[in-house]
Engineer: 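Shown below is the structure under consideration.
In each ligand, atom 1 is the first atom listed, and ligand 1 is the first ligand listed. No experiment lies behind these values; they were computed from the predicted model shown.
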Amino acid sequence: MSRYADIALPVNLEREFTYIVPPELESSALVGVRAVVPFGRKYATGLIVGRPESTTITGLKPIRDIIDPAPMMSDELLRLCRWIAGYYFSPLGEVLKAAMPQGFSASSKRLLRIRGDVPESALDAAAAGSPGRASIIGLLRSGGEKFAAEIERRTGVKNVNGVLNDLVRAGVIESEEILPHPSVRPKTAEIVVVDDTTRESIRMTLASLPPRKKKARQLLESLLTMHGSPTGEIGVRDLLASSGASTAVLRELIAAGAFTTISHEVSRQQEFGTEQQTLDIILNKDQQKALTSIAASVSAGGGGKFLLHGVTGSGKTQVYIEAIRRCLAMGKTAIVLVPEIALTPQMVRRFKSHFGDAVVVIHSRMSAGERHDAWRMAHSGRCRIVIGPRSAIFAPLNGLGLIVVDEEHEASYKQFDSSPRYHARDVAVVRGGNAGAVVVLGSATPSAESYHNAATGKYTLIGMPDRIDNVPMPVITIVDMTLERKRAYAALRESLPEASRGKLKDFAASSVSALLHRKIEDRLARREGIILLQNRRGFAPFVECAECGYVEMCDNCNVTLTYHLAKKHLRCHYCGLTRRPHILCPTCGGTDIALRGIGTQKVEKELAELFPEAKVLRMDLDTTSRKGSHDKILRKFGEGGADILLGTQMVAKGLDFARVTLVGVISADTQMLLPDFRASERTFQLLTQVAGRAGRSTLEGEVVIQTHQAAHYTLVHVIDHDFRAFYDEELQSR
Ligand code: ADP
Ligand code: ZN
């Protein structure tokens with residue numbers, strides 16, 4: 001082994017630091033373990049990322065201590081982090097920090113004790129020849145369990161963790177990780193494993209027990225009669241409850257050798273529940289074909305990159321599930337990336353029902369303890385499937401066979417608010433390549449980038465053009481809100497006496513067209529579900545003519561101009577052009593040209609007036625800020641507890657409700673006209689996704705899209721469900 005170690009420290013510097021490895025830490029200073037090193041005038045904790053043979057740097061300092069007995073990071077993950085650091089120009093230390101939920105610092109304390117089953121002679125042997133080892137063993141022998149810090153203080157051994165690691169590896173002491181916050185302690189349960197030998201020993205103890213020991217008798221009898229897990233595990237808590245015996249009685253019996261208990265780590269995972277209906281699905285022909293190519297690549301040792309382009313409801317999720325089943329059968333593991341767990345509770349439930357405890361879910365609202373658990377479950381190999389948002393791409397799984405990126409076009413895969421600024425889809429492709437895993441990017445509306453990669457042969461394209469059971473794609477109708485408004489305006493004028501017709505200035509058209517109104521009434525009467533989308537996000541007000549729907553656009557860039565309140569002018573966020581808004585509408589001469597933008601709340605109010613008997617659930621950032629609130633709203637709607645689900649783009653994602661037969665888009669313009677060159681692509685994706693929520697069962701679905709831009713090419717392709725044509729046109733216009 002070399003005498004040096006390169007260490008990445010959590011500092012904002014794009015370099016690593018070299019240290020000397022002292023002889024006594026030689027065997028513990030593995031690549032991937034955390035080390036304590038002198039840094040400036042203090043000590044810092046970093047990760048060993050290399051063991052160079054030689055160095056030209058002089059005046060190096062030695063590592064003080066090694067924290068982990070085994071690597072936190074595999075070579076494969078380390079290589080991935082190095083790639084991210086290089087590709088996205090981030091310091092390696094910061095990338096590693098993002099990849100390890102517990103970060104660098106030794107936030108946990110180690111509690112150490114001599115193992116119960118170690119003979120005295122082995123302890124003497126381990127202590128021999130090293131004063132450090134001898135004093136540590138001496139201390140633990142006399143004083144029971146101790147924290148590492150106390151051992152260091154009492155024995156004066158400097159690199160105490162390094163020596164302790166040696167002793168752990170030698171099998172004479174054991175260490176337990178105690179995290180500072182109580183909720184962060186690994187959750188354990190004490191259990192008895194009742195196998196044949198234990199059963200025999202329980203019977204023997206029972207036979208020799210004096211009759212007055214009633215409670216002990218009851219406890220032993222309970223052990224023989226209780227129904228444990230399939231592997232014979234009985235929880236101690238259940239045992240005490242059902243026998244009525246005290247802990248003292250239990251300890252006494254254990255001391256007498258009747259049986260033993262073990263402590264079993266249990267996960268603190270939030271319950272997602274399961275659902276039965278997809279358990280015995282048999283794949284259709286298209287799904288089978290997709291599965292065959294993916295599985296072939298998995299068993300060939302990976303390298304395959306697939307773009308699974310399947311329309312909404314074509315059964316992509318079921319393909320992921322079966323592909324993962326193949327992975328597990330080959331002893332491999334899998335990662336499933338989803339845009340946001342809170343938005344996809346149905347998806348998680350499906351995976352849980354198929355794979356049970358093999359699945360660990362990571363999500364953004366987890367506590368530090370839950371996050372830590374999830375990480376350990378994956379690291380130890382106890383869980384072999386990790387589902388989560390973008391950071392789950394760093395899951396510490398070994399033997400990775402498959403990475404699925406569901407809804408790969410989603411913008412949330414990109415981290416842009418803190419360093420490292422990576423794109424999880426791209427990282428997935430690189431990790432798959434490094435790890436010999438297959439990568440499957442799935443979407444009904446692939447990103448232009450991925451579609452391009454498929455077109456040029458970088459990815460293998462798998463198409464699933466039909467919905468399950470050939471449920472037809474929903475019929476989409478576009479309502480021109482400009483005409484709608486004119487008609488409503490004229491009708492209102494007609495209905496008024498001649499004299500008061502001039503007073504129509506503050507005429508406000510309804511945000512629900514006559515057609516959508518009729519269809520909502522119809523669904524309400526038939527008790528079928530309705531989803532309404534009003535994607536008003538952020539505050540990017542634009543200026544619109546109330547009479548004809550004309551919107552102020554940039555002549556150079558063909559995007560909407562944004563109104564800036566402070567300067568009272570319109571600005572193009574693209575080329576920077578600024579100008580004053582018109583006073584009269586340039587197309588119709590109307591005078592009511594003003595700031596527009598209706599939010600979900602406004603629509604909710606209108607719905608209450610238009611359909612007083614309908615139950616409406618609103619889902620947007622305001623109604624979903626609390627943990628679990630998404631799931632609550634969705635469940636309620638799914639169970640028929642409301643007629644209309646109204647919301648922002650949250651309602652467009654991954655929902656599968658058989659009872660929804662009508663989807664209405666209040667205004668397609670809110671997204672289409674955003675000042676962003678991806679606006680059309682995003683609109684196409686959003687509208688296609690939300691339209692996909694309609695008619696996912698035998699009930700036929702229908703979609704009504706309201707817009708002031710009825711002739712926009714994006715809408716034309718949405719109606720035809722024609723991704724290909726949209727993509728071609730979009731790439732040309734860029
Ligand atoms: P996607 O992920 O493409 O939107 P899903 O996998 O969610 O599609 O499938 C849509 C619906 O069809 C789900 O309710 C699912 O249970 C069901 N489904 C999927 N595959 C089959 C199949 N082969 N046979 C019957 N039903 C299926
Ligand atoms: Zn006008």
Engineer: Quick one about Glu408 and Ser447 (side-chain donor to acceptor, distance below 3.5 Å, no hydrogens or angles considered), yes or no?
Structural biologist: yes

Engineer: Which atoms of ligand 1 have any heavy atom of Ser314 under 4.0 Å away?
Structural biologist: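 By the 4.0 Å cutoff, the relevant atoms are 3 (O), 8 (O).
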
Engineer: Side chain or backbone, does Thr312 bring an N or O within less than 3.5 Å of an N or O on ligand 1?
Structural biologist: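 No, Thr312 has no N/O under 3.5 Å of an N/O on ligand 1.
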
Engineer: Could you pull out, from Gln318, Lys316, Met464, Gln288, the option with a heavy atom nearest to atom 3 (O) of ligand 1?
Structural biologist: Lys316

Engineer: Using the ring centroid of each side chain, check whether His423 and Tyr88 are separated by less than 6.0 Å.
Structural biologist: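 Ring centroids of His423 and Tyr88 are no less than 6.0 Å from each other.
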
Engineer: Does Gly313 have a heavy atom less than 4.0 Å from any atom of ligand 1?
Structural biologist: yes

Engineer: Mark yes or no: Arg659 above the aromatic ring of Phe637, with NZ or CZ under 6.0 Å from the six-membered ring centre and no more than 45 degrees from the axis.
Structural biologist: yes

Engineer: Record the part of Ile282 in heavy-atom contact with ligand 1 below 4.0 Å; permitted values are side chain, backbone, both and neither.
Structural biologist: backbone

Engineer: If you measure from atom 21 (C) of ligand 1 to every heavy atom of Asp286, Ile281, Leu308, which option wins on shortest distance?
Structural biologist: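 Residue with the shortest heavy-atom distance to the ligand atom: Ile281.
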
Engineer: Is a donor from one side chain sitting under 3.5 angstrom from an acceptor on the other, for Gln706 and Glu484?
Structural biologist: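 Checked: Gln706/Glu484 side chains show no N/O donor-acceptor pair below 3.5 Å.
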
Engineer: Aromatic ring centroids of Phe726 and Tyr451 under 6.0 Å?
Structural biologist: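 Between Tyr451 and Phe726, which both carry aromatic rings, the centre distance is not below 6.0 Å.
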
Engineer: Heavy-atom contacts with Asn284 under 4.0 Å: which atoms of ligand 1 show up? List them by number with element.
Structural biologist: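 This gives 23 (N) as the contact atoms.
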
Engineer: Are Pro446 and Leu441 side-chain neighbours, meaning at least one heavy-atom pair lies under 4.5 Å?
Structural biologist: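 With C-beta onward as the side chain, the pair stays apart.
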
Engineer: Has ligand 1 got any nitrogen or oxygen that is less than 3.5 angstrom from a nitrogen or oxygen of Ile468?
Structural biologist: no

Engineer: Quick check for you: to the nearest 0.5 Å, what is the distance between Ser314 atom OG and Leu308 atom CG?
Structural biologist: 6.5 Å

Engineer: As a check for students: among Arg350, Lys285, Arg467, Glu322, identify the option with a heavy atom nearest to atom 6 (O) of ligand 1.
Structural biologist: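 Answer by nearest heavy atom: Arg350.
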
